[in-house]
Amino acid sequence: QVQLVESGGGSVQAGGSLRLSCAAFGYTFSYYCMGWFRQAPGKEREGVAAIGNAGRTSYADSVKGRFTISQDNAKNTLDLQMNSLKPEDTAMYYCAATGRRPWATYGGSCEGGGGSWGQGTQVTVSS
């Protein structure tokens, strides 16, 4: 059974760091594009960072230079290292996977969309 389970969220002050992790049960990364999305209250969901099945990464402009997406194939986890956090980074963060166009990423999202989602982990950044 495939499942995505996020962890690592929490509350930090502006300028701090957090590392999110997504355990991808039943997924083989070579067949999927994996990504992190976020949604703040009253706002639309937005792609933050994505990594295609060949390792190509892309980031939203708002997080470039601050966030890094990575995969650990041995542990089958997808991670998001978030540095220099800002209050506007406050949101629920979701891990997603899609088998559609798994090589294609753009602007922090998998071009094939988000086929499967985790339950999310909350990130709160205070000023």
Side-chain angles (χ1 to χ4, degrees):
Q1 182 177 356
V2 295
Q3 189 179 13
L4 300 169
V5 180
E6 301 95 335
S7 62
S11 297
V12 295
Q13 290 190 328
S17 299
L18 281 174
R19 187 176 183 88
L20 306 183
S21 187
C22 173
F25 299 102
Y27 285 91
T28 302
F29 288 149
S30 60
Y31 298 135
Y32 291 90
C33 179
M34 306 293 295
W36 286 96
F37 291 76
R38 67 186 180 187
Q39 188 166 20
K43 295 187 177 181
E44 292 187 356
R45 186 175 59 200
E46 63 172 342
V48 175
I51 182 167
N53 65 342
R56 176 182 175 184
T57 60
S58 71
Y59 297 90
D61 287 343
S62 59
V63 307
K64 279 181 181 177
R66 300 189 297 123
F67 290 12
T68 303
I69 189 171
S70 61
Q71 291 175 343
D72 186 325
N73 291 327
K75 297 180 180 179
N76 224 45
T77 58
L78 177 75
D79 297 326
L80 185 69
Q81 178 66 43
M82 305 186 295
N83 298 328
S84 302
L85 283 161
K86 303 176 181 180
E88 51 263 44
D89 294 319
T90 295
M92 185 72 80
Y93 283 70
Y94 299 90
C95 173
T98 182
R100 298 187 296 271
R101 296 173 55 82
W103 61 90
T105 65
Y106 181 79
S109 298
C110 296
E111 288 191 8
S116 301
W117 299 83
Q119 83 289 350
T121 186
Q122 178 68 37
V123 171
T124 302
V125 184
S126 58
S127 57

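Along the sequence shown, residues carry numbers from 1. Hydrogens, waters and symmetry mates play no part in the numbers below; they use all other heavy atoms, side chains included.
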Inset, instruction - Locate the shortest heavy-atom distance separating Ser109 from Ser58; write the atom from each residue and the value. - result: N-OG, 3.9 Å
Inset, instruction - Examine Leu4 and Trp117 and state if one hydrophobic cluster contains both, with Ile, Leu, Val, Met, Phe, Trp and Tyr joined whenever side-chain heavy atoms are less than 4.5 Å apart. - result: no
Inset, instruction - Please answer whether the main-chain N or O of Ala96 pairs with a side-chain N or O of Tyr32 as donor and acceptor at a distance below 3.5 Å. - result: no
Inset, instruction - Just jot down the side-chain hydrogen bond (donor to acceptor under 3.5 Å, both in side chains) partners of Ser17, sequence neighbours excluded, or say none. - result: Asn83
Legend entry - Joint cluster assignment, Tyr27 & Ile51, ILVMFWY side-chain distance < 4.5 Å: yes
Legend entry - Residue of the set Leu20, Val63, Thr90, Val123 for which side chain to side chain contact (heavy atoms under 4.5 Å, CB included) holds with Arg38: Val63
Inset, instruction - Indicate if Val125 and Tyr94 have the same hydrophobic cluster label, given that clusters are the connected sets of ILVMFWY residues with side-chain heavy-atom separations under 4.5 angstrom. - result: no
Inset, instruction - Please answer whether the main-chain N or O of Ala91 pairs with a side-chain N or O of Gln39 as donor and acceptor at a distance below 3.5 Å. - result: no
Legend entry - Main-chain N/O of Val5 paired with Gln119 side-chain donor or acceptor, under 3.5 Å: no
Inset, instruction - Spell out, yes or no, whether Phe29 and Phe25 are grouped together once hydrophobic residues are joined by side-chain heavy atoms under 4.5 Å, including indirect joins. - result: no
Inset, instruction - State which residues pass salt bridge (Lys or Arg N to Asp or Glu O under 4.0 Å) with Arg19; sequence neighbours excluded, sorted by chain then number. - result: Asp79
Inset, instruction - Please work out whether the ring planes of Phe67 and Tyr93 are parallel, tilted or perpendicular, with thresholds of 30° and 60°. - result: tilted
Legend entry - Whether Thr28 side chain and Ser30 backbone form a donor-acceptor pair below 3.5 Å: no
Legend entry - Side-chain donor/acceptor of Glu6 to backbone N/O of Gly120, under 3.5 Å: yes
Inset, instruction - Give a yes or no on whether a salt bridge exists between Asp61 and Lys64, defined as a side-chain N under 4.0 angstrom from a carboxylate O. - result: yes
Inset, instruction - Indicate if Phe37 and Met34 have the same hydrophobic cluster label, given that clusters are the connected sets of ILVMFWY residues with side-chain heavy-atom separations under 4.5 angstrom. - result: no
Legend entry - Side-chain donor/acceptor of Thr57 to backbone N/O of Ala50, under 3.5 Å: no
Inset, instruction - Would you indicate whether the side-chain heavy atoms of Cys95 and Trp36 approach each other to under 4.5 Å? - result: yes
Legend entry - Within-4.5 Å side-chain heavy-atom neighbours: Pro102 and Tyr31: no
Legend entry - Contacts of type side-chain hydrogen bond (donor to acceptor under 3.5 Å, both in side chains), residue Arg101, not counting sequence neighbours: Glu111
